[in-house]
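Every chain is numbered from 1 and lettered A, B, ... according to where its sequence line falls, protein lines coming before strand lines. Note that the structure is a prediction, hence the values are computed from the model and not measured.
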Protein chains: 2
Amino acid sequence: MSFPEREQYISILRDKGHRVTPERLALFREVYAQHGHLDAEALLESIQKQGLKVSRATLYRNLDLMADLGFVRKYRLGTSRFHYEHVHDGQRHDHLVCTECGRVAEFVSPGIVAMQRAICSAHEFDPEEHTLQIHSVCNDCRKLRDARRRAPS
Amino acid sequence: MSFPEREQYISILRDKGHRVTPERLALFREVYAQHGHLDAEALLESIQKQGLKVSRATLYRNLDLMADLGFVRKYRLGTSRFHYEHVHDGQRHDHLVCTECGRVAEFVSPGIVAMQRAICSAHEFDPEEHTLQIHSVCNDCRKLRDARRRAPS
DNA sequence: CTCAGTGCAAACGATTTGCAAGCTA
DNA sequence: TAGCTTGCAAATCGTTTGCACTGAG
């Protein structure tokens with residue numbers, strides 16, 4: 001569980017004049033241990049479950065710091081909370097979000113990336129820096145909804 | 001300013017056992033008068049500017065009702081507020097959102113719609129019912145940011 | 001020894017809710 | 001008249017902030 005990014009994080013912190021604190025390292029470790037899409041609450045819970053103590057304020061402050069430094073991406077996936085995921089070099093993906101239950105699937109689609117570029121250019125948005133989300137309904141929720149419609153409340 | 005959808009809204013309200021109140025009609029009118037992407041605050045303000053009185057609670061309750069009945073779509077475009085826009089039959093569009101200033105552009109792309117379908121199907125999401133957002137940085141914000149980088153604070 | 005970083009609790013912004021009063025059907 | 005709707009104010013949810021204290025450099 002020792003990521004190469006950890007050393008990089010530490011040296012970037014130092015470079016930028018930030019301090020290397022136990023809270024920062026605990027959060028870093030947790031963000032990189034999970035494979036994706038966590039919200040602040042979930043992160044806090046799993047950090048505390050390990051007996052470490054990081055306050056909510058510090059958590060939020062450092063998630064923003066990590067986002068600034070390029071170690072995490074911060075998304076609003078349609079729900080009320082932000083989601084955070086660590087950046088693992090290179091391979092970019094986009095998100096498919098269920099509008100009913102919030103479930104998130106990741107996908108990679110070179111074709112859609114090309115179209116994003118074209119659309120951004122056409123509208124004078126930066127064609128290089130972009131993320132995309134598709135909002136739909138997952139099969140489970142669709143079944144539930146269909147059942148509900150057949151026998152309305 | 002009298003929309004065909006207005007009569008439809010009234011009769012659907014009646015059908016479903018909801019009452020037709022002045023607040024509902026005022027809100028409906030306002031939502032359809034604007035051409036798109038309004039948040040609750042902006043709607044409230046323009047309703048009140050016309051001398052009509054609708055409370056914030058009623059506004060929210062009825063925006064949700066209109067969404068349930070299929071007259072408006074409710075989006076979370078990355079900012080802290082929901083955005084609402086009326087459904088004008090047929091022509092669907094997607095949104096391009098500036099992650100810096102929140103500016104929203106609409107676009108229509110048959111190609112991207114086809115890809116959305118394919119991606120939804122592949123992940124067992126409903127391929128028919130979906131919306132898509134692209135998040136990028138608009139030219140104005142990009143210029144600002146570049147300027148800032150050249151002369152850092 | 002100094003000041004960036006922390007924890008706490010209070011502040012915040014957007015939205016939701018409980019309840020008494022009002023108005024549609 | 002009955003009970004859905006409303007307005008108000010209070011509650012909620014997630015996130016941010018002020019401030020005194022702490023600990024990294």
Set out, in order, the CA-CA distance, both residues' side-chain angles and the distance that settles side chain to side chain contact (heavy atoms under 4.5 Å, CB included) for Thr21(B) and Thr58(B), then state yes or no. CA-CA 11 Å; Thr21(B) 65; Thr58(B) 296; over 6 Å; no
Checking side chain to side chain contact (heavy atoms under 4.5 Å, CB included) for the pair Val87(A)/Arg73(A): CA distance, chi angles, key distance, verdict? CA-CA 7 Å; Val87(A) 174; Arg73(A) 262 193 263 284; 4.0 Å; yes
Cys138(A)/Glu100(A) under side chain to side chain contact (heavy atoms under 4.5 Å, CB included): CA gap, chis, key distance, verdict: CA-CA 8 Å; Cys138(A) 73; Glu100(A) 302 270 325; over 6 Å; no
Residue pair His130(A), Asp126(A): steps toward the side chain to side chain contact (heavy atoms under 4.5 Å, CB included) verdict: CA-CA 7 Å; His130(A) 48 65; Asp126(A) 188 337; over 6 Å; no
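Partners of Ser11(A) according to the side-chain hydrogen bond (donor to acceptor under 3.5 Å, both in side chains) rule, which considers only residues two or more places apart in sequence or in another chain, do not exist here. For His95(B), the side-chain hydrogen bond (donor to acceptor under 3.5 Å, both in side chains) partners two or more places apart in sequence, or in a different chain, are His37(B), Glu85(B), His93(B).
Under the 6.0 Å distance and 45° angle rule, Lys74(B) counts as a cation-pi partner of Phe82(B).
Checking side-chain atoms of Arg142(A) against main-chain N and O of Asp146(A) turns up no donor-acceptor pair under 3.5 Å. Side-chain N or O atoms of Ser136(B) include one that pairs as donor or acceptor with a backbone N or O of Glu129(A) at under 3.5 Å.
Residues in residues 8-25 of chain A take part in no salt bridge (charged side-chain N to carboxylate O under 4.0 Å, His left out) pair, two or more places apart or across chains. Counting only residues at least two apart or in different chains, salt bridge (charged side-chain N to carboxylate O under 4.0 Å, His left out) contacts with residues 39-52 of chain A comprise Asp39(A)-Arg81(A), Glu41(A)-Arg56(A), Glu45(A)-Lys49(A). Judged as a ring-ring contact (aromatic ring centres under 6.0 Å, His included), the pairs with a partner in residues 4-32 of chain B (not counting sequence neighbours) are, in order, Phe3(B)-Tyr32(B), Tyr9(B)-Phe28(B), Tyr9(B)-Phe71(B), Phe28(B)-Tyr32(B), Tyr32(B)-His86(B). Listed by first then second residue, pairs satisfying salt bridge (charged side-chain N to carboxylate O under 4.0 Å, His left out) with a partner in residues 105-125 of chain B read Arg117(B)-Glu128(B), not counting sequence neighbours.
Proximity of residues 18-27 of chain B to DNA chain C (heavy atom under 4.0 angstrom from any strand atom) is restricted to Arg19(B), Val20(B). Of the residues in residues 51-63 of chain A, those with a non-hydrogen atom less than 4.0 angstrom from any atom of DNA chain C are Lys53(A), Val54(A), Ser55(A), Ala57(A), Thr58(A), Arg61(A), Asn62(A).
The span of DNA chain D lying next to chain B, judged by atoms under 4.0 Å from heavy atoms, is bounded 5' to 3' by dG3(D) to dC8(D). Nucleotides of DNA chain C lying under 4.0 Å from heavy atoms of chain A occupy a range whose first and last members, 5' to 3', are dC3(C) to dC8(C).
The gap from the P atom of dT15(D) to that of dA11(D) amounts to 22 Å, rounded to the nearest Å.
Where Ser80(B) and Arg14(B) each meet DNA chain C at their nearest nucleotide, the meeting point lying more 5' is that of Ser80(B).
Listed here is the closest heavy atom pair of Leu44(B) and Val54(B): CD1-O, 3.3 Å.
Comparing the local axis fitted to the first five base pairs of the helix from dC1(C)-dG25(D) to dA14(C)-dT12(D) with the one fitted to its last five gives a bend of 30°, rounded to 10°.
As a member of the Ile/Leu/Val/Met/Phe/Trp/Tyr network built from side-chain separations under 4.5 Å, Met115(B) groups with Leu96(A), Phe107(A), Ile112(A), Met115(A), Ile119(A), Phe125(A), Leu132(A), Ile134(A), Leu96(B), Phe107(B), Ile112(B), Ile119(B), Phe125(B), Leu132(B), Ile134(B).
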